[in-house]
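Chain naming here is simple, since letters A, B, ... match the order of the sequence lines and numbering starts at 1 in each.
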Amino acid sequence: MLRSADKLDGYVLDNMEGAVDQAAFLAGTETPVAIIGARGTGKMYIARILHAKAGGSPDSLIAIDCREFRSREDANRRIRQALLAGAGKTLVFKSPQLMGAEAQLKLARQLATRLLADAETPTYLPSVRVVALLPDSLQRLVAEGVLQRKLASVLAAYPIRVPPLRHRQQAILRWARKILSQECASRGIEVKGFTPEAEQAMRQHPWHGNISELRQRVVRALEQKPGVEWLTPVDLQLFLGDQVASGSLELPLQGSPGYECAGGSYSPTAWEELTLVLAERVNQLLSTRRPLPLGTWLEDQIVLATLARYQGQHGPSAAFLRTSRRNIARWLPAIATRQGMRDDCSLWQEPARLVADWVRGLGSAGDSPLLAGQSLLLELLEAHCDTATVDLRAQLLGVSRPTYGKRLREWRAAALANAPAVAHG
Amino acid sequence: MTATPGPGQLAAEYQVLLGEVDPDPLGFSARLNLLLDLAAIVPSRIEGRMLGVLAINPEWKEAEVRRWLHHDQVPPRRHLQALVRLLVARLGPGHDPQRWEAFLVYGSPIVASPVEHLLYREDRGRRDIAARIFARLTERYGIPSSSYDADVVFQRCLQLMQQFNIYEWQDFQAGHMEPFRSVMFPSEP
């Protein structure tokens, strides 16, 4: 299983274009710090540096995952507990923009005044260091209406921007070699390195998923090719076709109001990448009339990614998927029997990786990711309703023809009723 | 080429713009508190910073100082300028109060951080690389030590490393030699 990158010691020597310097500098102040970067860039790594430079011990860094808050009350309660127990600690708020507006404002008020909210007598917060990890610039998140202006302002003293990996070309191979050595050491195996073609492919790849994506590809290669001596582009699933697909994402968005973002260039979200890749797979399978059950595999992958997110715990996974624990237990044997087919299908590797990325970054609120995945695939299949038969579309969704019809009606009804969209991360 | 607008048109455009005032830039209070942290002449945020700032000028009211420290309200220009000069004077040489003032009001990236150069200079690892580059250049081009001020040249080297994104020794390439030489030793032929 893929481990969280920030839990591994001995990171590669990479200054991340000054982010490390800035973290070290801000460690000497009481300023709440925003660390801004796209998914997988190493924001938590920078937070750890800041914490260490401030003299904190590893166990006094407390990560508060705002994606997991169930309600405003839950958010306020857990933040209050963390603040009260925060003396000498660093509180790292992951994705605070996913909290409700009221919870954001309350946190902002407490950080601005350094006074505990809802205290009977004015009570100062303990000496606690606050860090927030955000996916995009404060101005942009405010403009999108997801981050409250007051919280953004509290965090706006001197934000640290962690650049995407593609902006640090010289660091790509250093990270790749470091990750390979870490993963080999943890598995007790020996791999000599990357072939020159693999290194070339890595330099050319856009790495929208950044360091996390690099690790995912290396881990998958090691799992799929035990005993391999050198990793090739094929092992890493870095094909020219994928690079063209990823690159083509940028073109239609250039010049649009949302194009400029942190770091000065567009980074697609995992959902956007997944949508594009699935659209290509649907198109390819329909044109070749190859009936792979994409819908079933997509649901399998969402369940597996959710279990990975919650370290295999069925309770929180079921809550996240808006289903019961019993259902999860019931689904798993069938998911396991399909594992071989999914792993052996090269067309499925990229969607599988992106599903994991997407699920990892989602908030807990909103509709079930299973529903979002199913709706996306239905939409993509229906775009071909003039050229592909209902039978073939149903096969690609992994259901019978009557079930396809039923799901289509439900999907259309939901679209008509303007059902609230699920958060896509 | 567009025709020059007449006074009437300019007045109309101005009135439209007047109604479209952008919200204040984010984070004035956060940056003011950051400067107060760095200057270290008033107590920390949980030890009565408000009283410490009020003591600087007895004419200030608690409510207005609270707005400056917590609610992003920018003080009147006269007070902001004097306060910034007072605080920046405590940061040591090399700090420009006007740049700090602009940074407090607009923040980065509109105004580049006034502390960026300090981050780099304090890094031990980077200073070692700068020393190696310095030594390599003087050796390669046969530059005598009597022809330069070592401290000035060393600072130029650090600045160039920042501009060229050189964070490790292997980032320094053969092609960097000439541009580094021409900037670090401009008087050398």
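When only modelled atom types and interatomic distance are considered, B:S108 and A:Y158 share no side-chain donor-acceptor pair under 3.5 Å.
Although no hydrogens or angles enter the test, the distance criterion places a donor-acceptor pair under 3.5 Å between the side chain of B:D37 and the main chain of A:E30.
With a threshold of 4.5 angstrom between heavy atoms, A:R109 does not approach chain B through any atom at all. In this structure, chain A has a heavy atom under 4.5 Å from the side chain of B:D72, while its backbone stays farther away. The part of B:L38 that comes within reach of chain A is its side chain, from C-beta onward, which places non-hydrogen atoms under 4.5 angstrom from that chain.
Of all the heavy atoms in A:A156 and B:G27, the pair that sits closest is CB-CA, 3.7 Å. Pairing each heavy atom of B:A30 with each of A:S153, the nearest pair is CB-O, 3.5 Å. For A:A152 against B:L26, the heavy-atom pair with the smallest separation is CB-CD1, 3.9 Å.
Taking OG1 of A:T31 as the start and CG of B:L36 as the end, the distance is 10.0 Å to the nearest 0.5 Å. Interatomic distance, NZ of A:K150 versus NE2 of B:H71, reported as 7.0 Å (0.5 Å rounding). Once rounded to the nearest 0.5 Å, the distance linking CG of A:L111 with NE2 of B:H70 reads 11.0 Å.
Heavy atoms from other residues, nucleotides or ligands lying under 6.0 Å from CZ of B:F154 number more than 12. Within a 6.0 Å sphere centred on CD of B:Q98, other residues, nucleotides and ligands contribute 12 heavy atoms or fewer.
For the pair A:R161 and B:P109, the minimum side-chain heavy-atom distance is below 4.5 Å. Looking at B:L34 and A:L26, their side chains come closer than 4.5 Å, going by heavy atoms from C-beta outward.
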